Engineer: 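After the C-alpha cells below, expect a handful of questions from me.
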2 protein chains.
Amino acid sequence: MIDFEKIKILYQFGKNLNSNDLKVLINSAKKVSFSTNENLINEGETKKEIYFITKGLVRAYINTEKGDEITSEIYQENKVLASKDIILFNRPSRFNFEALEDTQAYFIDFSLMEQIISNNIKLQESRKQIYQNILKDSLFRLDSFILLTPEERYLEFVKENPNIINRVPNKYIANLLGITPVSLSRIRKRIVTKKK
Amino acid sequence: MIDFEKIKILYQFGKNLNSNDLKVLINSAKKVSFSTNENLINEGETKKEIYFITKGLVRAYINTEKGDEITSEIYQENKVLASKDIILFNRPSRFNFEALEDTQAYFIDFSLMEQIISNNIKLQESRKQIYQNILKDSLFRLDSFILLTPEERYLEFVKENPNIINRVPNKYIANLLGITPVSLSRIRKRIVTKKK
DNA sequence: TTTTGAAGTTAACAAAAGATAATTAATGAT
DNA sequence: ATCATTAATTATCTTTTGTTAACTTCAAAA
C-alpha cells in the first residue's frame with residue numbers, strides 16, 4: 001500500500017527517484033512523533049539517523065563547560081535534520097535536538113540511505129542538492145558574522161525567518177546570533193526607539 | 001603525454017577515477033600562475049571556474065558599502081578554491097580572490113567538470129567528499145562564532161592555522177574573526193600579558 | 001641610504017556587550 | 001483564579017569593542 005504523504009516528502013529529497021529506490025526509501029522511512037521538550041537526538045548519540053520534519057519545531061543545543069545551554073540551530077517544517085557531528089564528523093553528537101513544539105518527522109537510517117544512494121546516480125544528484133542547501137545556509141550565516149553587527153544580524157534574521165521569531169523564546173535567537181539574551185533585549189529596544 | 005603532477009592533484013579530488021574520465025579531467029585542467037596581488041577571480045565574475053591551489057596563498061575579500069575591504073577567507077596549498085556565489089548561489093561573485101603570494105593552481109571549468117561528474121558515480125562520491133569538507137570548515141567556523149569569545153576564537157585560529165599566521169597581515173585575520181584590526185591587536189597584547 | 005607607505009600598536013573616547021541581580025510580564029500547572 | 005516558573009526587560013557596573021587619530025616599525029622603492 002502506498003503512503004502518499006511519504007512520497008510527497010521523499011519527492012523533495014529526490015526528484016528523480018526511480019520506482020524501485022523510491023520503494024526502498026519509503027519502506028525504510030518511519031513516521032515518528034515527539035512531544036514538546038522531548039529529544040529527537042541526545043548528546044553522545046552515535047546512531048546515524050536523518051529526519052525530515054513535517055510538523056513542529058526543533059532546536060539543537062549544546063551544554064557548555066560553563067554549565068549553560070547554547071542553542072546553535074533551529075529546524076522547522078520541511079527541513080532535513082541530522083547531527084552533523086555524527087554524519088559529517090563521525091563522532092558522538094555534542095548537541096541535543098529538542099522538540100520545541102509537538103513535532104512529526106520521517107526517520108531514515110542514514111547508513112541504509114547512503115547504501116541506496118551509492119547505487120543510484122540520480123539520488124546522488126539529490127544528495128548533492130541537500131549538501132548544497134546546508135552549505136548555503138552555513139555560508140549565509142558565516143557572512144552575517146563577518147559582515148554585520150549583532151543588530152544588523154538580528155534584523156536580517158527577522159527578515160529571513162519571520163515565522164520562527166514568534167514561535168521560539170528570544171534567548172534561543174540570541175544564542176543563534178552569538179550574543180546574550182540581555183544584549184538582544186537591548187538591541188530590540190534600540191530598534192524600536194530608532195523607528196520613532 | 002601524461003603530466004604526473006596533474007594526476008597527483010586530481011587524485012585528491014577523485015580517488016576512484018577511471019582512466020577515461022581521468023584523461024578528460026587532466027586535459028581540461030590548465031596550469032595557471034598568479035603573481036602577488038593579482039586576482040584569480042574578480043568581483044562581478046560569473047564564469048564557473050574551480051582552482052586547485054598547488055602553491056601560494058589566496059584571500060577572498062569583499063568591498064563593503066562603507067568602502068572598506070573585508071577578508072572572508074584564506075586559501076592555502078592543496079585547497080579547492082571557487083567563488084561560492086557563482087557555484088552555489090548562481091550569481092556574480094561578490095568577492096575578489098587575490099593572490100597574497102605568487103600562486104600556482106590548476107584551473108578547471110566547472111560546467112565541464114559537472115558534466116563529467118554527472119556521468120560517473122565514483123566521481124559523485126568524490127564531489128560529495130569535497131562538499132563535506134567545505135561544509136565541515138563552515139560548521140567549525142560557525143561554532144566558533146556562537147560558542148567562543150573573539151579572544152578564544154583567535155587562539156583557536158592560531159592553533160588550527162599555525163602556518164597561515166605568519167604569512168598574512170593581522171588585519172586579514174581580524175576580518176576572518178569578525179573583529180577590527182585594532183581589537184585584534186589589543187587581544188594579542190592581552191594574551192601576552194596574561195601569560196606572564 | 002633615504003624616503004615613502006603600509007601595517008601594527010597605542011591612546012582616548014564613545015558605544016556596545018557581558019555579567020549579575022532585581023523587577024516585570026507571561027505561561028503553565030494546580 | 002491562584003500560584004509557581006520561566007522568559008523578558010531593566011538597571012548597574014565592568015569589560016570589551018569600535019572609531020579615529022597619532023605614533024612606531026618595518027620593508028620596499030627610489
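Reckoned from all heavy atoms, side chains included, excluding hydrogens, waters and symmetry mates. Proteins get letters first, then strands, A, B, ... in listed order; numbering begins at 1 in each. As the structure is a prediction and not an experimental result, all values here were calculated from the model.
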Engineer: Is there a side-chain contact between A:Thr180 and the phosphate of C:dA17, meaning an N or O under 4.0 Å from OP1 or OP2?
Structural biologist: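 So the side-chain polar atoms of A:Thr180 never come under 4.0 Å of the phosphate oxygens OP1 or OP2 of C:dA17.
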Engineer: Specify the separation, in whole Å, of atom CG of A:Leu184 and atom P of C:dA17.
Structural biologist: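 About 10 Å, once rounded to whole Å.
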Engineer: Taking only the side-chain heavy atoms of A:Ser185 (C-beta and beyond), determine which of D:dT9, D:dT17, C:dG18 contains the nearest atom.
Structural biologist: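 Among the listed nucleotides, the one closest to the side chain of A:Ser185 is D:dT9.
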Engineer: Using whole Å, report how far CD of B:Glu69 lies from C1' of C:dA7.
Structural biologist: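 Roughly 14 Å, once rounded to whole Å.
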Engineer: Step by step, would you call B:Phe145 with A:Phe145 a ring pair (Phe, Tyr, Trp, His ring centres under 6.0 Å)?
Structural biologist: CA-CA 7 Å; B:Phe145 279 108; A:Phe145 278 108; 4.9 Å; yes
Engineer: Taking any heavy-atom pair under 4.0 Å as a contact, classify A:Pro181: base, sugar-phosphate, or nothing.
Structural biologist: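 The residue A:Pro181 makes no contact with any strand.
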Engineer: Side chains of A:Phe97 and A:Phe34, heavy atoms from C-beta outward: is any pair under 4.5 Å?
Structural biologist: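 Side chain of A:Phe97 against side chain of A:Phe34, heavy atoms only: no contact under 4.5 Å found.
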Engineer: Heavy-atom count around B:Lys47 NZ within 6.0 Å, excluding the residue itself: above 12?
Structural biologist: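 No, because the 6.0 Å sphere around NZ of B:Lys47 holds 12 heavy atoms or fewer from other groups.
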Engineer: List the steps and the verdict of side-chain hydrogen bond (donor to acceptor under 3.5 Å, both in side chains) for B:Arg153 and B:Ser144.
Structural biologist: CA-CA 6 Å; B:Arg153 212 145 63 228; B:Ser144 80; 4.6 Å; no
Engineer: Between C:dT27 atom P and A:Leu100 atom CG, what is the distance in whole Å?
Structural biologist: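 Rounded to the whole Å, the gap is 16 Å.
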Engineer: Between D:dT19, D:dA7, C:dA19, which nucleotide gets closest to the side-chain atoms of A:Pro169?
Structural biologist: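 Output: D:dA7.
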Engineer: In whole angstrom, give the distance that lies between atom CG of A:Leu148 and atom C1' of D:dG18.
Structural biologist: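 Checked: the CG to C1' distance equals 16 Å.
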Engineer: Just how far, in rounded Å, is P of D:dT16 from OH of B:Tyr154?
Structural biologist: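 Those two atoms, OH and P, are 17 Å apart.
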Engineer: Any donor-acceptor pair, under 3.5 Å, between the side chain of B:Arg186 and the base of C:dG8, if you only look at N and O atoms?
Structural biologist: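 Absent.
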Engineer: In whole Å, I'd like the distance from the NZ atom of B:Lys171 to the C1' atom of C:dT9.
Structural biologist: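 In whole Å, C:dT9 C1' lies 15 Å from B:Lys171 NZ.
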Engineer: If only side-chain N and O atoms of A:Arg190 are considered, is one of them under 4.0 Å from the OP1 or OP2 phosphate oxygen of C:dA17?
Structural biologist: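 So the side-chain polar atoms of A:Arg190 do come within 4.0 Å of the phosphate oxygens OP1 or OP2 of C:dA17, strictly under.
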Engineer: Which nucleotide in the set D:dT10, D:dT17, C:dA17 lies at the smallest distance from any side-chain heavy atom of B:Ser183?
Structural biologist: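 Nearest nucleotide to the side chain: D:dT17.
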Engineer: Give a yes or no on whether the backbone of B:Gln104 and the side-chain of B:Thr54 come within a donor-acceptor separation of less than 3.5 Å.
Structural biologist: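 Yes.
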Engineer: Take the protein atom CD1 of A:Ile165 and the nucleotide atom C1' of D:dA8, then report the distance between them rounded to whole Å.
Structural biologist: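 Going from A:Ile165 (CD1) to D:dA8 (C1'), I get 14 Å.
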Engineer: What is the distance from CG of B:Asn170 to P of D:dT24, rounded to the nearest Å?
Structural biologist: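 Distance, rounded to whole Å: 20 Å.
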